[in-house]
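Down below is the structure, laid out as structure tokens.
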There are 2 protein chains.
Amino acid sequence: MTSEKLDRRKKYTRMVLRKSLLQLLKQKSFSSITVKEICERADINRSTFYAHYSDQFELLETIENEIVSDMKQYIDTYNLQEKEDALRMTEKLISYFAAKQEELIILLNASGETSFERKVREVAQTSIRNEWIDTENANQPLSSYMSAFIISGSVHVLKMWLLGGMEEPPHAMAKLINNLINHGIYGSNWDNFA
Amino acid sequence: MTSEKLDRRKKYTRMVLRKSLLQLLKQKSFSSITVKEICERADINRSTFYAHYSDQFELLETIENEIVSDMKQYIDTYNLQEKEDALRMTEKLISYFAAKQEELIILLNASGETSFERKVREVAQTSIRNEWIDTENANQPLSSYMSAFIISGSVHVLKMWLLGGMEEPPHAMAKLINNLINHGIYGSNWDNFA
DNA sequence: AACTGACTGTTGATAAACCAACATCGTGTT
DNA sequence: AACACGATGTTGGTTTATCAACAGTCAGTT
């Protein structure tokens, strides 16, 4: 996709700016964060910031889009390649979440001001539609109400899991969510979850 | 002293190179560490390395000298200023050690190949001579054997303390070492030290 | 001995980050 | 309203890091 050749300075600059904004988001609301503030914490000259991003919004956009783009990749490789099974894909996706725990918690908690959760929902919609079709539910129609319900539930469950320190292993979460999607709430095994 | 105005890039470059070498020293002997290796771990171009240091030795020198220079500062301000009391100075010095614990352990353990411990001894010599003079021991002469004995003991005690995770607070260590110096081993209170 | 491979130290051209300075826009204060 | 203040974008000139390429050294290998 975006395949500019980044030399080390660019990589470093963007990395620290990114970290800086995320740290600030832990402390205060996005609307109160200034470009100057981000640069000071990152120890980067303000003019350098503008060489990369036009403002705070674009920086946040970039951070969000990177994650969403990663998510899409997982889903696409599943769709295009061997279609092993939906469970495997979900598990890999959730392992990815585990690795990015810190960032995801920050971004999801700032959801009032940012569009991150909306973006996640959009991607999840695609994923879940495909999972639905590829399973024994294929005969049943998936109404937009149902998908909305499933997505809300899934995102919320994952949010809880991240905030709770990820006690359960990724594959357990993958199984749970798959069960929720395919067999409904009553068909799922809740034994492992207090 | 060395008061060049360092811009952010220089600061960053030197900082990562420094950290990189210290990390490598944790894993392997100094003589087996190459410039290329340091640069790769630091993610810095090799030619940039040579813009700052002529080789690994000079980098290590710089790291060692910075710490030794800090130590000298503590000792000098004590000597020149109000001469509050030796105990206070020792305590501040040891607090400084606590802050630099990580680095000191690495450098002291690599002592076979580096000159760090020798440098520390040299500084300690000055410090201890002054402490000796300023206390009730003033009438007694301090032979070079005695100072060597005291310095070896002090450095070793501090090394143990750092490696042991600094269980005792700095002021306790300061008191202990002062006692060792001023009143000898038998006069010291060893109660707090299993 | 010739050969391979890795590390070394140096070079010149290029790209990126730096900094100081400026005019501009809000916000809030006297 | 006039004012001060801080954040904002933008600029041009300077400094630094980057990269690729080079020839040199050295240890181990065939």
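A note on names: the letters A, B, ... follow the listed sequences, proteins ahead of strands, and every chain is numbered from 1. Please read these numbers as outputs of a predicted model, since none were measured by experiment.
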Length of the [atom1]-[atom2] vector between [X] and [N], whole Å:
X	N	atom1	atom2	value
Tyr12(B)	dC18(C)	OH	P	12 Å
Phe49(B)	dC19(D)	CZ	P	17 Å
Tyr50(B)	dT10(C)	OH	C1'	10 Å
Met15(A)	dA17(C)	CE	P	13 Å
Arg46(B)	dG12(C)	CZ	P	17 Å
His52(B)	dA17(D)	NE2	C1'	8 Å
Lys36(A)	dC5(D)	NZ	C1'	11 Å
Asn45(B)	dC7(C)	CG	C1'	15 Å

Next on the checklist: Quick check: on DNA chain D, is the nucleotide nearest Asp55(A) upstream (toward 5') of the one nearest Arg8(A), or the reverse? Name the residue that is more 5'.
Outcome noted: Asp55(A)
Checklist entry - Hey, which of these two, Ile44(B) or Gln56(A), hits DNA chain D nearer its 5' end, going by closest nucleotide? => result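 The residue mapped nearer the 5' terminus is Gln56(A).
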Next on the checklist: Quick check for you: to the nearest 0.5 Å, what is the distance between Lys100(B) atom NZ and Met71(B) atom CE?
Outcome noted: 12.0 Å
Item to check | Donor-acceptor pair under 3.5 Å, Arg9(A) side chain vs dA17(D) base | outcome: yes
Item to check | Nearest non-hydrogen partners of Glu167(A) and Trp161(A), listed with the distance | outcome: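 So the minimum-distance heavy-atom pair works out to N-NE1, 4.2 Å.
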Next on the checklist: Set out, in order, the CA-CA distance, both residues' side-chain angles and the distance that settles salt bridge (charged side-chain N to carboxylate O under 4.0 Å, His left out) for Lys19(A) and Glu102(A), then state yes or no.
Outcome noted: CA-CA 11 Å; Lys19(A) 282 191 178 176; Glu102(A) 173 103 36; over 6 Å; no
Checklist entry - Does any donor atom in the side chain of Thr34(B) or Gln56(B) lie under 3.5 Å from an acceptor atom in the other side chain? => result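 The answer is no; no qualifying pair exists.
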Checklist entry - Hey, does the side chain of Thr34(B) come within less than 4.0 Å of dC7(C)'s phosphate (OP1/OP2), counting only N and O? => result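 For Thr34(B), the contact criterion (side-chain N or O under 4.0 Å from OP1 or OP2 of dC7(C)) is not met.
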Checklist entry - Can you tell which of dT11(C), dT8(C), dC19(C) lies closest to the side chain of Asp7(B)? => result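 The nucleotide sitting nearest to the side chain is dC19(C).
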Item to check | 5' precedence on DNA chain C between Ser47(A) and Ser47(B) (nearest-nucleotide basis) | outcome: Ser47(B)
Checklist entry - Got a sec: does the NZ of Lys119(B) have more than 12 other heavy atoms crowding it under 6.0 Å? => result yes
